[in-house]
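Keep in mind that the numbers below use all heavy atoms, side chains included, and drop hydrogens, waters and symmetry copies.
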Amino acid sequence: MNFTPVIMGANRGSYGLARAFYEKYGVKTIIISPFQTSPVRNSRILEFYYQVDMQDFTALTCTMAAIQKDYPETQKIIFGSDDRYVELLIKNRTHFSSKWVVPYSDYESYISVVDKTNFSNLCEQLDILHPRTVVLRESETFELAYPVIIKAAQTTEYHNLDFEGKNKVYICQHEEEAATIISRIRQAGYTSDLLVQEYIPGDDTHLGIVTVYVSQKDLQIKLFSYANVLVDDPTPSAIGNSLAGWVREERQVEEPISRMIAATGFYGFATFDVKYDARRNDYVFFEMNGRLGLSNYYVTAAGHNVAAYYIEDFLLKKELSFAPFKKEIIYSALTNHLLEHRVEFPKLRTMPVVHPLVAAYETNWLRKWYIAISKLNFYRKLWRYKSLEGKVKPIETKYTSFNPHVLHTKKL
């Protein structure tokens, strides 16, 4: 099929998806963005269309018209690189012509799991392990033992705010600190729910990313891909963005995710953030994103090209089969020296290590220079935020017996 991938936004995740399209189908991807960020700059696999206001749908229709004029014969499939753009596409999909495909779930199913309040409620209903949570609406008081995590339930609204000290999440050690953070967020104009959650102890290696694909045709899970985080970005504004991870099989997360998916009618790619809680000897589920995450290239590098799922399901309308686990790899944006300094992990010297932005076909010296500088910059970041003090060691849990093919839970 003759098609053109289009991505709104220009971050590391955008490049990972574009790289998957290029490596599977040999096609270039169009990026819609106000500017070229470093992860996508000087790449031979991308084309750019500039749009200043990314959330103005009228402006987007003009950009899409320009793309349609330049690529009149191809089927376009359009993606959002973050929640704001995905939500914009879903809400306006009825305005797109038949030449454009929006490969995301319907809004009801999407918001039922992406909104963090809804996600917490869903976990409660399905008896899925999640942090003890208090939802702040009219009242700004809560009763949870410190330390606690504070975060916005509506990421789209929160993304659009700009204020001093803005972080993705906040770890608060005492009541005064929590009150200050809540007041600052509200004064910045955030009106939706705030979530206060118990802090789950454990270093970076207790964190995990689970990427799943759910077929549009039969609403069954066709892929589980698990990455055991090795190093998380310690920058306050980037907490939750992994810098290195170990892609391995982890059956223990599959059963609760399957129950959650079956209960919502969601389809497409989803990314779950989890953390292993040694006190409970189980994984705690934090949230779900109804899209591919920033680190999505780890799925492709481990043998399951993410672009193929989109094309075969949404454009070719194929029957997808469940994909078994293929191979273990390490993905890393760090130098091997820095990774080995931070993580006590013998497999680092024997396993393939993949950098999400490094490809043999990317020969531009300016791009190579940026990637080299960014690797060195992580020494400064990890030192500044005290992430170089002592080594951490990944925890392997025992696999459980579970067959996702035979799960047929009714939608709530």
Q: May I ask you to decide whether E362 forms a salt bridge with R44, counting only side-chain N to carboxylate O separations under 4.0 Å?
A: no
Q. Counting distance only, does the side-chain N/O of K91 pair as donor-acceptor with the main-chain N or O of V86 below 3.5 Å?
A. no
**Q.** Distance in Å, H355 NE2 paired with L334 CG, rounded so as to fall on 0.5 Å steps
**A.** 8.0 Å
Q.
Please determine whether the number of non-hydrogen atoms from other residues, nucleotides or ligands lying under 6.0 Å from atom NZ of K24 exceeds 12.
A. no
Q) So, are D277 and R279 salt-bridged, with charged N and O less than 4.0 Å apart? A) yes
Q: Any side chain to side chain donor-acceptor pair (under 3.5 Å) involving residues 300-316? Give me the pairs, sequence neighbours left out, ordered by first then second residue.
A: Y213-D313
Q) Counting N and O atoms only, with roles assigned by atom type, does the side chain of R259 sit under 3.5 Å from a partner on the main chain of A263, one being a donor and the other an acceptor? A) no
Q. Is E87 paired with R93 through a side-chain N to carboxylate O contact shorter than 4.0 Å?
A. no
(Q) Taking K391 first and then E344, would you say they form a salt bridge - that is, a charged N and a carboxylate O separated by under 4.0 Å? (A) no
Q: Take atom CD of E175 as the centre, draw a 6.0 Å sphere, and report whether it contains more than 12 heavy atoms from other residues, nucleotides or ligands.
A: no
Q. If we only count heavy atoms from C-beta on, is the Y379 to T335 side-chain gap below 4.5 Å?
A. yes
**Q.** Electrostatic pair R248-E328, nearest N-O below 4.0 angstrom
**A.** no
(Q) With a 3.5 Å distance limit and no angle check, can you tell me whether Y104 reaches the backbone of Y107 through a side-chain donor-acceptor pair? (A) no
**Q.** Cation-pi check, R367 onto Y15 ring (under 6.0 Å, within 45° of axis)
**A.** yes
What side-chain donor-acceptor pairs closer than 3.5 Å can you find for residues 141-154, not counting sequence neighbours?
{"residue": "T141", "atom": "OG1", "partner": "S139", "partner atom": "OG", "Å": "2.9"}
{"residue": "K151", "atom": "NZ", "partner": "Q197", "partner atom": "OE1", "Å": "3.3"}

